[in-house]
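For reference, the structure discussed in these notes is given below.
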Amino acid sequence: MDYEVKLDEFKGPLELLYQLVKKNKIEISKISLAKITGEYLDYIDQNIMDLEYTSEFLVIAAELVQIKAKYLLPKADDEEEDDEESLVERLRKYQLYKELSFVLADRFEERRDVFENSSNLDKYRNFEEEVVIEVNLNDMKEMYLKALYSDNDLEDDDIEEVEHIIVEKIKVEKKINDVLDTLNKYNRVNFYKLIEDRENIMEIVVTFLSILELMKLNKVRIIQDQLFSPIEVSLA
Amino acid sequence: MEKTDQAKVESIIFVAEEPVNIDKLARVMEMNISTIRPILEEIKEEYSNEKHGFELNSYNDNYVFETKKEYSDLILNYMNVSKHKKLSPAALETLAIVAYEQPITRREIESIRGVNVERTLSTLEKYSLVEEQGRKETIGNPIIYGTTTVFLQKFALDDISDLPDIEEIDYQKVFEDEE
């Protein structure tokens, strides 16, 4: 029988194992899995895949080889068999959901062509008051010109001066130095004391980053006595 | 119960843009849920009669009029559509796992399927079959997923306990089916 198992993105190692079990018409058990180890490895061999994807297949391959090896070797009485059980269990569970998915598919198929009545009530609803913009062509032209030229080109007092919002830049490097300065003075300080302007989210974030960086460099220690109690920073 | 109550409830379900929840119906009708339920049953009963082309169905107590499935070919013909969207095997497997194991995290689904399910999950979310239902209280607070009312509707389940019993699955049948 010609039987092709595709190792595309949607079919993982368990799918492959499942297909092999099905193809060989065997029960899912340790003995049968040991028997199809060779076939499983052949499939991997023949399908070169990207590494991330292959690795998942390789993990299962390793488990299979281990199971098979145990069967070939004389067995110690007290040997544990947890690994083998787990692969068998996983495959059984996978098989169960595979089967359930067929059951769901049947139901979906059956219900697919049932339609609900669906009114779109929008056309009956009162729309929000319409916004009326009173501009004539001339106004439009003026506005266009204003937009085109900056205020010094256009001698028009109406044009308001544009205010730019200045984003204050706080650098992590600077903050690190500030934090170290403060710590040299006070030794142990509440985290919030290190922030000058508590309304400034940027500063809070930068301060936090600085402390993370200092922790990484092993220069400070963080102390928090219990959950939600104040965070204290001290020199390491 | 007034004579027109049934007609009133019908009219609301008829215009609704999506299945109407029983709580909302009760509120609009100014009735208790226990009073409105028999009315809904009455409507269900009436439309199940073969002289009607649609029926009243409920999913998790959300009520909606739907066409009877025996007329689907006729409707498709009217709509000039022949082909339908199908869920991929990957989507169905993932959906089955979410439906039976919910609430479940992505990692847990992946350990059952043995593959990454990120894309499949987002497809299922796009079709509103699966939704995020909060976060698990464990390391990393992973998102937990569960099925939606749309899922119940698309699979004709009154509620989630209506899913086919796992024990009832005929193992052999599946093996034959696929070959």
Side-chain angles (χ1 to χ4, degrees), chain A residues 1 3 6-19 21-28 52-53 55-57 59-60 63 86-87 89-122 124-125, chain B residues 13-19 54-55 57 64-69 71-73 75-76 79 81 84-97 99-101 109-117 119-120 151 153-157 163-164 166 168-171 173-175 177-179:
Chain A
M1 184 175 63
Y3 201 93
K6 278 189 189 149
L7 297 179
D8 65 35
E9 190 169 2
F10 295 112
K11 309 215 167 171
L14 287 172
E15 171 81 19
L16 171 59
L17 210 48
Y18 168 82
Q19 299 286 1
V21 164
K22 224 173 63 172
K23 175 194 158 196
N24 288 293
K25 297 196 162 85
I26 48 174
E27 290 290 302
I28 296 174
E52 191 193 340
Y53 194 55
S55 61
E56 292 182 329
F57 283 85
V59 171
I60 300 249
E63 284 183 54
S86 91
L87 184 58
E89 278 316 307
R90 280 186 71 190
L91 189 56
R92 285 218 178 104
K93 197 162 190 185
Y94 179 75
Q95 184 196 20
L96 172 69
Y97 281 111
K98 184 96 192 155
E99 282 148 16
L100 284 169
S101 78
F102 293 127
V103 176
L104 285 184
D106 285 348
R107 290 190 82 103
F108 185 72
E109 200 95 331
E110 208 174 281
R111 290 286 298 180
R112 207 168 47 168
D113 300 333
V114 166
F115 302 90
E116 64 182 272
N117 78 308
S118 48
S119 322
N120 185 349
L121 295 181
D122 279 348
Y124 302 110
R125 289 198 173 105
Chain B
I13 300 171
F14 178 78
V15 296
E17 281 153 288
E18 50 188 30
F54 54 86
E55 60 198 349
N57 293 324
V64 61
F65 281 119
E66 289 176 324
T67 57
K68 291 181 179 168
K69 67 166 182 264
Y71 304 116
S72 55
D73 286 345
I75 297 166
L76 289 177
M79 289 165 63
V81 196
H84 278 276
K85 271 192 190 129
K86 245 185 148 168
L87 287 172
S88 69
L92 278 163
E93 267 174 47
T94 307
L95 191 57
I97 294 168
Y100 282 90
E101 303 262 335
I109 303 170
E110 284 170 350
S111 87
I112 296 176
R113 285 204 58 223
V115 273
N116 184 306
V117 297
R119 266 230 312 254
T120 320
F151 166 76
Q153 192 177 358
K154 295 277 181 216
F155 289 84
L157 302 162
L163 278 174
I166 288 188
E168 278 175 25
I169 305 302
D170 186 351
Y171 281 68
K173 182 179 168 284
V174 182
F175 275 68
D177 272 4
E178 273 219 335
E179 277 163 47

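Throughout, protein chains are lettered first and strands after them, A, B, ... in sequence-line order, and every chain is numbered starting at 1.
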* Hey, could you give me the CG/CZ distance between Leu92(B) and Arg107(A), rounded to the nearest 0.5 Å? => 13.0 Å

* Asked: When rounded to the nearest 0.5 angstrom, what is the spacing between CZ in Phe115(A) and CD in Glu66(B)?
  -> 10.5 Å

* Asked: CZ/Arg113(B) to CD/Glu15(A) distance, rounded to the nearest 0.5 angstrom?
  -> 7.5 Å

* **Minimum heavy-atom distance Ser111(B)-Leu14(A), with the two atoms named** => O-CD1, 4.4 Å

* chain A heavy atoms under 4.5 Å from Glu18(B): which part of the residue, side chain, backbone, both or neither? -> backbone

* Asked: Is the count of non-hydrogen atoms from other residues, nucleotides or ligands lying under 6.0 Å from Lys69(B) atom NZ greater than 12?
  -> no

* Least distance between heavy atoms, Ala96(B) atom then Leu104(A) atom -> CA-CD1, 3.6 Å

* Worked verdict on Val103(A) versus Phe155(B) for side-chain contact (heavy atoms from CB on, under 4.5 Å) -> CA-CA 10 Å; Val103(A) 176; Phe155(B) 289 84; over 6 Å; no

* Answer with side chain, backbone, both or neither: which region of Ile13(B) has an atom nearer than 4.5 Å to a non-hydrogen atom of chain A? => backbone

* Can you name the nearest heavy-atom pair linking Ile112(B) to Tyr97(A), along with the distance? -> CG2-CD1, 3.9 Å

